[in-house]
Asks: 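This is the structure I have questions about; it appears just below.
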Amino acid sequence: EAGVAQSPRYKIIEKRQSVAFWCNPISGHATLYWYQQILGQGPKLLIQFQNNGVVDDSQLPKDRFSAERLKGVDSTLKIQPAKLEDSAVYLCASSPPRGEAFFGQGTRLTVV
Amino acid sequence: QKEVEQDPGPLSVPEGAIVSLNCTYSNSAFQYFMWYRQYSRKGPELLMYTYSSGNKEDGRFTAQVDKSSKYISLFIRDSQPSDSATYLCAMSLSNFGNEKLTFGTGTRLTIIP
């Protein structure tokens with residue numbers, strides 16, 4: 001079974017630039033999550049989708065972050081404009097109904 | 001106060017030792033308790049999960065939950081160098097799956113051959 005695919009693996013941008021990350025969940029998983037993991041910290045949920053609807057985006061900085069899930073499958077997370085404190089690993093995860101969440105390898109973002 | 005507290009370590013133990021990893025939490029509504037293992041530059045992978053209080057064993061790993069003390073533990077017996085990773089505790093409110101996870105900061109563990 002293929003895992004959660006994320007791209008790119010690494011990205012370096014200057015502050016105030018924009019960046020987008022892409023996630024392809026495991027086939028058939030209705031729930032998709034984006035987590036932010038800052039160095040030395042545990043992952044923090046940014047947004048949760050159920051199919052193509054948003055379940056929880058309470059911790060998403062909506063003035064600069066946006067996310068969408070196309071046709072209930074792939075998802076993109078965008079940051080515009082980026083700040084230095086956005087440097088982190090962005091993890092995408094997906095889960096089936098009442099099943100464990102599987103994580104992708106993450107996108108490591110460095111904002112300089 | 002963070003909802004979930006975890007000693008970040010680092011923790012180094014010799015091969016074959018018993019490892020004890022712990023988390024405390026403040027939200028008594030948490031029902032599901034999980035341990036994830038994260039190797040360097042990889043995503044977290046689920047090791048074990050337990051529902052409410054009690055123990056659960058899986059091979060060399062044992063997870064314990066004490067809801068009265070808001071304290072969870074992961075024990076690793078006969079530790080191996082391949083166990084070297086960051087261990088994250090995580091919790092959710094009502095469902096296993098389809099529910100956001102609240103993570104601890106992670107404990108970085110090194111098993112010395």
Side-chain angles (χ1 to χ4, degrees), chain A residues 1-10 21 23-26 28-51 53-60 88-110, chain B residues 1-11 21-27 30-51 56 58 63 72 74 85-109:
Chain A
E1 179 182 73
V4 176
Q6 289 189 247
S7 67
R9 286 295 312 277
Y10 305 92
F21 313 128
C23 172
N24 180 232
I26 294 172
H29 284 192
T31 306
L32 185 146
Y33 317 79
W34 283 101
Y35 284 85
Q36 179 193 57
Q37 186 174 22
I38 293 172
L39 186 65
Q41 298 183 21
K44 181 186 82 171
L45 181 73
L46 292 175
I47 189 166
Q48 177 183 345
F49 292 95
Q50 181 75 18
N51 295 307
V54 175
V55 174
D56 185 347
D57 64 356
S58 57
Q59 298 191 85
L60 185 74
V89 175
Y90 291 84
L91 293 162
C92 180
S94 68
S95 65
R98 300 197 64 77
E100 69 175 276
F102 291 85
F103 285 81
Q105 294 195 78
T107 295
R108 183 176 297 270
L109 174 67
T110 302
Chain B
Q1 183 190 11
K2 291 182 181 179
E3 275 194 293
V4 180
E5 300 275 2
Q6 184 175 7
D7 186 341
L11 180 63
L21 303 168
N22 311 294
C23 289
T24 59
Y25 62 95
S26 58
N27 188 348
F30 285 131
Q31 299 269 16
Y32 284 88
F33 304 90
M34 287 142 275
W35 286 95
Y36 280 81
R37 179 174 60 195
Q38 186 173 26
Y39 290 114
S40 180
R41 301 189 182 275
K42 301 287 187 183
E45 57 177 337
L46 182 67
L47 264 181
M48 299 183 70
Y49 76 92
T50 53
Y51 171 68
K56 186 173 183 179
D58 184 2
I72 70 170
L74 178 71
T86 295
Y87 289 79
L88 296 151
C89 63
M91 305 175 190
S92 64
L93 292 176
S94 59
N95 281 321
F96 179 61
N98 309 117
E99 178 84 24
K100 84 170 191 180
L101 300 174
T102 301
F103 284 88
T105 54
T107 299
R108 188 151 56 105
L109 173 67

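Throughout, protein chains are lettered first and strands after them, A, B, ... in sequence-line order, and every chain is numbered starting at 1.
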Asks: Against chain A, label B/P44 side chain, backbone, both or neither, depending on which of its atoms sit under 4.5 Å from a heavy atom there.
Replies: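 For B/P44, heavy atoms of backbone and side chain both lie under 4.5 Å from chain A.
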Asks: Heavy-atom cut-off 4.5 Å, strictly under: side chain, backbone, both or neither for B/Q6 against chain A?
Replies: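 Contact with chain A involves no heavy atom of B/Q6 at all.
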Asks: Could you tell me which portion of A/Q41 (side chain, backbone, both or neither) has an atom closer than 4.5 angstrom to a non-hydrogen atom of chain B?
Replies: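 Contact with chain B: backbone only.
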Asks: Anything under 30° is parallel, anything over 60° is perpendicular, the rest tilted; go ahead and classify B/Y36 against A/F103.
Replies: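 Perpendicular, since the angle between the ring planes exceeds 60°.
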Asks: Give the minimum heavy-atom separation between A/Q105 and B/K42, together with the two atoms involved.
Replies: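 In this case the closest contact between A/Q105 and B/K42 is OE1-NZ, 3.1 Å.
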Asks: Looking only at heavy atoms and a cut-off of under 4.5 Å, which of B/T105, B/T86, B/T102 has the most pairs with chain A?
Replies: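 Max contact count across the listed options: B/T105.
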Asks: Which heavy-atom pair separates A/F49 from A/N51 by the least distance, and what is that distance?
Replies: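 Looking at all heavy atoms of both residues, the closest pair is CB-O, 3.7 Å.
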Asks: Which region of B/R41, side chain (C-beta onward) or backbone (N, CA, C, O), has a non-hydrogen atom less than 4.5 Å from a non-hydrogen atom of chain A, or is it both or neither?
Replies: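 Both parts, heavy atoms under 4.5 Å.
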Asks: By a 4.5 Å heavy-atom criterion (distance strictly below it), what part of A/Y10 contacts chain B: side chain, backbone, both, or neither?
Replies: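 Looking at A/Y10, just its side chain touches chain B.
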Asks: List for me each residue that meets side-chain contact (heavy atoms from CB on, under 4.5 Å) alongside A/T107, sequence neighbours excluded, and say none if there are none.
Replies: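 side-chain contact (heavy atoms from CB on, under 4.5 Å) check on A/T107 returns A/Q6, A/P8, A/F21.
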Asks: May I ask you to decide if the ring planes of B/Y49 and B/Y32 are parallel, tilted or perpendicular, using 30° and 60° as cut-offs?
Replies: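 Rings of B/Y49 and B/Y32: tilted, as their planes differ by 30° to 60°.
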